[in-house]
There are 2 protein chains.
Amino acid sequence: MGMGRPREFDAETALDQAMEVFWRHGYEGATIAQLTEAMGINPPSLYACFGNKEGLLKAALDRYTKLRGVWMDEVVAAATARDVAERMLMGIADKQTDPANPPGCLLVQGGIACGTGSENVPFELAARRSQNEDQLRDRFIRAKAEGDLKPASDPAALARYVSAVAVGMGVMASSGADREALRQVATVAVQAIEAQSGKYPPTPAVKQTPSKQTRSGTA
Amino acid sequence: MGMGRPREFDAETALDQAMEVFWRHGYEGATIAQLTEAMGINPPSLYACFGNKEGLLKAALDRYTKLRGVWMDEVVAAATARDVAERMLMGIADKQTDPANPPGCLLVQGGIACGTGSENVPFELAARRSQNEDQLRDRFIRAKAEGDLKPASDPAALARYVSAVAVGMGVMASSGADREALRQVATVAVQAIEAQSGKYPPTPAVKQTPSKQTRSGTA
DNA sequence: CCAGATATGTAGTGTTCACTACAGATGTGG
DNA sequence: CCACATCTGTAGTGAACACTACATATCTGG
């Protein structure tokens with residue numbers, strides 16, 4: 001019965017190009033014309049492969065978070081909570097000013113506020129950011145159990161804090177902050193984690209956060 | 001020679017409504033139809049009064065930053081650098097989750113990335129944010145001169161840091177973080193300023209920042 | 001009350017948007 | 001070589017967009 005004509009472009013290569021357009025112009029600011037031109041294909045190919053504009057964004061986000069995930073694994077592999085925070089924020093300072101990419105972070109640049117019909121795009125991005133936050137939180141929970149963080153420290157709050165700084169740095173980068181400026185921010189930011197650090201008797205990780213359960217929904 | 005028919009709406013009241021629309025949907029996401037409906041006027045009145053959509057945004061930003069300016073004056077009136085940071089970030093946690101307004105900060109929600117024809121909108125917002133950062137920096141310069149911050153501390157870096165945290169909190173707020181979550185972030189963030197605080201012999205404020213001059217361009 | 005000036009409401013303008021109909025091209029299975 | 005399935009390029013589709021022409025309404029100054 002035949003399997004049809006094979007596609008003439010590489011989906012991942014095309015996604016990389018689309019990712020850059022979304023990264024630079026945001027979801028709403030990116031037009032199908034810009035996307036197809038960057039991807040080197042025509043609209044019907046785009047729609048056959050990704051469904052619609054939002055499907056393309058999600059595919060680009062999948063690719064972005066996948067690449068970012070391997071880096072985050074390196075980040076949480078640092079020895080202490082303090083080193084995790086430093087490696088994360090210093091790395092972000094570098095990545096967000098890497099001339100190979102648009103400035104800032106796709107998970108922020110993609111769209112913080114959107115118009116009618118795209119209301120869920122910001123939440124889609126927020127969900128991806130919260131994955132990073134969760135990974136940080138788990139790492140800080142471990143750090144606390146290992147006596148690397150104060151027994152009174154709140155790993156979820158610390159993770160939320162580091163995520164917030166990362167997002168703020170992304171916004172700064174996209175509006176022109178240079179690498180040195182972001183590194184200065186990172187250097188200061190790490191000191192808040194340092195204030196929670198030290199060498200304490202290991203906590204059995206049983207009661208980890210007595211404070212009210214407050215989900216941030218973002219990172 | 002006559003002075004013409006008087007306008008039937010109050011410009012500031014209308015601006016408040018427009019501000020809320022931009023705040024909720026961003027510059028590109030806000031449509032003239034939404035704006036005129038919220039303002040209770042028709043398009044010709046809008047264009048006669050504000051020029052065009054971008055002119056309306058700028059007018060709304062002027063109003064926003066004016067209101068914010070009086071609050072910032074209260075913030076920098078705190079006794080120490082640490083108290084300034086705490087008052088700023090705790091206040092932001094409350095303001096950005098005030099149900100009377102859309103969540104987050106207009107200077108962030110307004111537009112981080114924009115499409116062709118609106119490229120300067122993000123810079124317009126960044127310029128307004130940097131005003132806050134400058135005000136903080138000046139306050140921290142004074143704190144350092146008063147011996148309230150370490151002689152080795154960098155007021156510009158600290159101001160940039162506080163601004164970054166504020167922006168990050170705004171993004172979190174707009175994607176669903178509640179007040180408690182933001183306050184936790186603020187509490188952690190203040191500790192980085194605390195680490196730079198203490199009681200030191202006053203610095204004559206002559207050579208204030210030996211590090212390379214790095215302008216952030218954002219806040 | 002009139003002339004000039006500015007505001008308002010109705011009803012559009014052209015443009016750009018995301019998306020697609022369709023015909024032709026290129027593959028596979030029989 | 002033929003039926004079938006899928007992709008590709010051309011050329012649009014209707015809808016939504018920012019913005020405006022124009023007639024009418026409401027003011028001031030004389």
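A note on names: the letters A, B, ... follow the listed sequences, proteins ahead of strands, and every chain is numbered from 1. Here the structure is a predicted model, which means the values were calculated and not measured.
Between Y64(B) and W23(B), the ring planes lie perpendicular to each other; the angle is over 60°, past the 30° to 60° tilted range.
Which of dA18(D), dT28(D), dC19(C) sits closest to the side chain of M3(B) comes down to dT28(D).
What separates OH of Y27(B) from P of dC17(D) is a distance of 14 Å, to the nearest Å. Rounded to whole angstrom, the span from the CD atom of E54(A) across to the C1' atom of dC19(C) amounts to 14 Å. The distance from atom CG of L35(B) to atom C1' of dC17(D) is 12 Å, rounded to the nearest whole Å. In this structure, I32(B) atom CD1 and dA18(D) atom C1' are separated by 6 Å, rounded to whole Å. A straight line from CD of E37(A) to P of dT16(C) spans 15 Å, rounded to a whole angstrom. Atom CZ in F50(A) sits roughly 18 Å away from atom C1' in dT20(C) (whole-Å rounding). If you take CG of N52(A) and P of dA18(C), they are 11 Å apart, rounded to a whole angstrom. Rounded to whole Å, atom P of dC19(D) lies 12 Å from atom CG of L57(B).
Shown here are the side chain to side chain contact (heavy atoms under 4.5 Å, CB included) partners of A48(B), two or more places apart in sequence or in another chain: there are none. When the side chain to side chain contact (heavy atoms under 4.5 Å, CB included) test is applied to A186(B), the partners found at least two apart in sequence or on another chain are L89(B), M90(B), M169(B). Remark: F50(A) engages no residue in a ring-ring contact (aromatic ring centres under 6.0 Å, His included) (not counting sequence neighbours). Here R5(B) pairs with E8(B) under the side-chain hydrogen bond (donor to acceptor under 3.5 Å, both in side chains) rule; sequence neighbours left out. Remark: D10(B) pairs with E12(B), T13(B) by the side chain to side chain contact (heavy atoms under 4.5 Å, CB included) rule, at least two apart or across chains. Here Q196(B) pairs with Q191(A) under the side-chain hydrogen bond (donor to acceptor under 3.5 Å, both in side chains) rule; sequence neighbours left out. D138(A) meets the side chain to side chain contact (heavy atoms under 4.5 Å, CB included) test with I141(A); sequence neighbours excluded.
Pairs engaging residues 44-58 of chain A under the side-chain hydrogen bond (donor to acceptor under 3.5 Å, both in side chains) rule: E54(A)-N120(A) [sequence neighbours left out]. For residues 106-115 of chain B, the pairs satisfying side-chain hydrogen bond (donor to acceptor under 3.5 Å, both in side chains) are Q109(B)-S174(B), with sequence neighbours left out.
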Reading nucleotides 8-13 of chain D from the 5' end, what letters show protein touch, with B for base, S for backbone sugar-phosphate only, - for no heavy atom under 4.0 Å?
SBB---
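At a threshold of 4.0 Å, the pair R183(A)-D94(A) counts as salt-bridged, since one of the basic side-chain nitrogens sits closer than that to a carboxylate oxygen.
Listed by residue number, the members of residues 10-22 of chain A with any heavy atom below 4.0 angstrom from DNA chain D form an empty set.
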If you write DNA chain C from 5' to 3' in dot-bracket form, with Watson-Crick or G-U pairs under 3.5 Å, [ ] for crossing pairs and | for pairs with another strand, what do you get?
||||||||||||||||||||||||||||||
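Between dT20(D) and Y47(B), no contact under 4.0 Å exists linking OP1 or OP2 to a side-chain N or O.
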